Protein chains: 2
Amino acid sequence: MSPALRRPSMGDVAARAGVSYQTVSRVLNEPGIVRPDTRDRVLTAISELGYTRNRAARALKTSRSSLIGVLTDDLSLFGPAETTTAIETAAREAGYSVVLTSMPHGPHSAHRIGAELLGSGVEGILVIAAHEGMTPAFSAVARSTPVVAVSAQPPHEAGVEVVGIDQGRGAHEVVEHLQRTGVRSIVHIAGPTDWFDARARRSGFTAALEELGLDGEVVGPGDWTPRSGYELTEAVLRSGLPEAIFAANDMIAIGVLHALHEHGLRVPEDVAVVGFDNTLGAEFLIPSLTTVAQPFAEVGRAALRHLVSLLEGEQPAPESPLTLAPRLVVRRSTRPERTH
Amino acid sequence: MSPALRRPSMGDVAARAGVSYQTVSRVLNEPGIVRPDTRDRVLTAISELGYTRNRAARALKTSRSSLIGVLTDDLSLFGPAETTTAIETAAREAGYSVVLTSMPHGPHSAHRIGAELLGSGVEGILVIAAHEGMTPAFSAVARSTPVVAVSAQPPHEAGVEVVGIDQGRGAHEVVEHLQRTGVRSIVHIAGPTDWFDARARRSGFTAALEELGLDGEVVGPGDWTPRSGYELTEAVLRSGLPEAIFAANDMIAIGVLHALHEHGLRVPEDVAVVGFDNTLGAEFLIPSLTTVAQPFAEVGRAALRHLVSLLEGEQPAPESPLTLAPRLVVRRSTRPERTH
DNA sequence: CGCTCGAATGGTAACGTTCACATCGCAGAG
DNA sequence: CTCTGCGATGTGAACGTTACCATTCGAGCG
């Protein structure tokens, strides 16, 4: 019962300020409605006591938890990490806290995880870097809670809204750039087939080849790791020397560069190499890597804005575009473009 | 009032099972105490209704939120990302959800962030990759909530417990290894001076030099980025050619390798290079990088266990060591050790 | 000067759960 | 056959907040 043991409640503040706890509540929720001098008394009492509202009681009464769930595949990947950070910052500014859940690899866990996240009382869920396996679970969850996915998947799967980066366009720009450097034939080392981003990059690649009349081939899939890039490059080299290799991400590209180096091949003189993501460090690989920078942070913020507008019942925020454009970053792993 | 609109409560389950809501509560909290057939009736009612307990009400009544706050500096760094993921998984298994907060860079924000995290109702806080600026804020917060830091800082700052990886030992092993490859003099490119990890690596380095009778020098500090490694290496080369460069982390090492390559220097023949972290990709740099692997996931799990035992009032889990050992990974960026 | 009205504030109930205690029924002992 | 005691279940209250309605007070008007 010692006052030091219990956190102060509205009642304590009210007693100190000589008002009822209802007035304290009003000061916090609609300050305009209470007379300035009363309000000041309450506010000083609040700061003297170091009072903060009890989130649980608030959540119980309003049935709003101010919690947003973020579900991500693999935080140690560059993109998800950046996006998560941006989401968290934006969420905090919008008055929400972020409950993080990382998706353990495994077939049927998606459903359980989704339910658990829901059970933790979140008002909405953001899914990052979604792949195939997640979709059914989240269509299910989406029936009880708004779900927004950050993904390259444009077709809206049942009830799940999508905010993403135009991966196909990124792939297209890569192919265009390579063509302008004189390349006629490109090998694409694809990412995992069940990842939406990987699929979009791959189909953007093949579409661009056709459109621009170039030759090419898709190998893989890799698993986003340098090792898979290394091994797939070894395989490619056994069947001949390609003019250019377009890796599905920078990690794969690191493995590609390593394998080419081991074979004594020069980049870009013998083989051009392009990555995807513009990972921290891509600029300082040997040679520095031509890649596609993705607005990871921006897409995170856009997704959060979208979710919040869903939660707060505004119109779906027409100003914020749901598909953002990536940006080609030309460095030294491709030859200079020919000015013709 | 339509039953579809409101989530079912204990009362609904109780009505369906023909018991009182208290019995439902007991089935959920101490199943052993209720008669098997009653329990089964309740359980079927629960699953038929898709009932889940209301977290807010539970938190209000028990004053336990099942929420743990994780505060991290920069999620796009390899270590924090790995540690965070491990914490989240372990927390979920222990019945907690993780509220993520990323620390915006800036001088005085630490205090506000700490208070906000506290305000979100977390029961305890884990601070990852702490640096100097965080300490005062978290000593303050630690008065109201258990705080465990994942850090290289052994001295317990007022009230904040520390779980960490022995950075000094890692640095020591690096120096020993270099000595065994015949190196007599080492340049260390240090990390930011206010980061505990960077400081511990640096002091481990100088201590090892002295102990082993080697020559050396500390340059920097860098800021963990490849660019800083690149620029500091340029500066080092202007004043002569070192035998070996020990970078404070792998990102800095990437910049070092790049700079050396530009100068036509061979690694490890002309200069040996060592990193720290064993980042994804370190194995496939050119040449593959000798570095120190840190048990990031393990330290995350250990920190979580420690925090949970603090929260649940058990004895401070004597079995779990609070300082873990890193592991030297020898690759091709250093010369082979001489067997003498 | 009495009445109406609105602004400011107070009181009561409820959100869904758990805790403490009360009750019930039944087995076993006297 | 009654009493004790314990296992199983029910009842009332409380956690701290917000929603809703009631009350008070003073200003402005006829």
Side-chain angles (χ1 to χ4, degrees), chain A residues 1 3 5-43 45-46 49-67 95 118-121 123 144, chain B residues 1 3 5-43 45-46 49-67 95 118-123 144 312:
Chain A
M1 298 308 122
L5 289 180
R6 196 174 50 84
R7 276 181 54 189
S9 75
M10 279 195 170
D12 302 322
V13 175
R16 190 179 190 98
V19 296
S20 77
Y21 52 82
Q22 177 57 258
T23 301
V24 178
S25 173
R26 267 190 284 260
V27 168
L28 262 17
N29 292 325
E30 351 170 48
I33 211 181
V34 31
R35 216 168 46 199
D37 60 322
T38 314
R39 185 172 56 214
D40 290 346
R41 274 210 321 284
V42 170
L43 288 175
I46 286 180
L49 259 47
Y51 168 75
T52 49
R53 274 185 291 194
N54 181 316
R55 280 279 265 264
R58 216 166 129 70
L60 173 60
K61 187 61 181 143
T62 61
S63 53
R64 304 219 30 197
S65 62
S66 311
L67 255 32
L118 209 57
S120 75
E123 291 182 37
S144 24
Chain B
M1 300 304 124
L5 290 181
R6 196 174 50 83
R7 277 181 55 187
S9 75
M10 278 196 171
D12 302 322
V13 175
R16 190 180 189 99
V19 296
S20 77
Y21 53 83
Q22 178 58 260
T23 301
V24 178
S25 173
R26 267 191 282 260
V27 168
L28 262 17
N29 292 325
E30 351 172 48
I33 210 182
V34 32
R35 217 169 43 200
D37 58 324
T38 315
R39 185 173 57 215
D40 290 346
R41 274 211 320 284
V42 170
L43 288 176
I46 285 179
L49 260 45
Y51 167 75
T52 49
R53 272 185 292 194
N54 181 316
R55 281 279 267 263
R58 215 166 131 70
L60 173 61
K61 186 58 185 154
T62 60
S63 53
R64 304 224 24 202
S65 63
S66 309
L67 256 31
L118 210 55
S120 76
V122 297
E123 291 183 38
S144 24
E312 304 185 347

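A quick note: this is a predicted structure, and the numbers were derived from the prediction, not measured. Letters A, B, ... mirror the listed sequences (proteins, then strands); counts begin at 1.
The CZ-C1' distance, from A:Arg55 to C:dC15, rounds to 17 Å in whole Å. Going from atom CG of B:Asn54 over to atom C1' of C:dT18 covers 13 Å, rounded to whole Å. Rounded to whole Å, the distance from CE on B:Met10 to C1' on D:dG10 is 14 Å. In this structure, B:Tyr21 places its OH atom 12 Å from P of C:dT18, rounding to the nearest Å. In this entry the distance linking CG of A:Leu60 with P of C:dA14 reads 14 Å, nearest Å. The CG-P distance, from B:Asp12 to C:dT17, rounds to 9 Å in whole Å. Here the C1' atom of nucleotide D:dG10 and the CZ atom of B:Arg35 are 14 Å apart, to the nearest Å. In this structure, A:Lys61 atom NZ and D:dT17 atom C1' are separated by 8 Å, rounded to whole Å.
Within the 4.0 Å cut-off from OP1 or OP2 of C:dG16, not a single side-chain nitrogen or oxygen of B:Ser9 is found. Taking side-chain N and O atoms only, A:Thr38 has a distance below 4.0 Å to OP1 or OP2 of C:dT9. Applying the 4.0 Å criterion to OP1 and OP2 of D:dT18, one finds that A:Arg58 has a side-chain N or O inside that range. Residue B:Tyr51 places at least one side-chain N or O closer than 4.0 Å to OP1 or OP2 of C:dT17.
Within the 3.5 Å criterion, the main-chain N or O of A:Ala17 finds a donor-acceptor partner in the side chain of A:Arg41. Side chain of B:Arg7 to main chain of B:Thr52: a donor-acceptor pair is present (N/O by atom type, distance under 3.5 Å, no hydrogens or angles).
Atom CD1 in B:Ile33 sits 12.0 Å away from atom OG1 in B:Thr38 (nearest 0.5 Å). Note that CD of B:Glu30 and OG of B:Ser25 are 8.0 Å apart. Values are rounded to the nearest 0.5 Å. A:Leu67 CG to B:Arg55 CZ: the interatomic distance, rounded to the nearest 0.5 Å, is 8.5 Å.
Between the side chain of B:Gln22 and the base of C:dT18, no donor-acceptor pair under 3.5 Å is found.
Residue-to-nucleotide proximity on DNA chain D shows that, of B:Ala57 and B:Asp37, the 5′-proximal contact is made by B:Asp37.
Listed nucleotides: C:dG10, C:dT12, C:dT17. Nearest to the side chain of A:Ser20: C:dG10.
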Exercise for review: Please report the C-alpha distance between B:Leu28 and B:Ile46 in whole Å, then the side-chain angles of each, then the deciding distance to 0.1 Å, and finally whether the side chain to side chain contact (heavy atoms under 4.5 Å, CB included) criterion is met.
Suggested key: CA-CA 10 Å; B:Leu28 262 17; B:Ile46 285 179; 3.7 Å; yes

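Using a 4.5 Å heavy-atom threshold, the side chains of B:Arg26 and B:Val42 count as separate. Using a 4.5 Å cut-off on side-chain heavy atoms (C-beta onward), B:Asn29 and B:Arg53 make contact.
Rounded to 10°, the helix from C:dC1-D:dG30 to C:dG30-D:dC1 has 60° between the axis fitted to its first five pairs and the one fitted to its last five.
Within residues 23-32 of chain A, the residues that have a heavy atom under 4.0 Å from DNA chain D are, in order of number, A:Ser25, A:Asn29.
The shortest heavy-atom contact between A:Met10 and A:Tyr51 is CG-OH, 3.2 Å.
With sequence neighbours left out, the salt bridge (charged side-chain N to carboxylate O under 4.0 Å, His left out) criterion links B:Arg16 to B:Glu48.
B:Ser63 comes within contact range of no nucleotide atom at all, as no heavy-atom separation falls under 4.0 Å.
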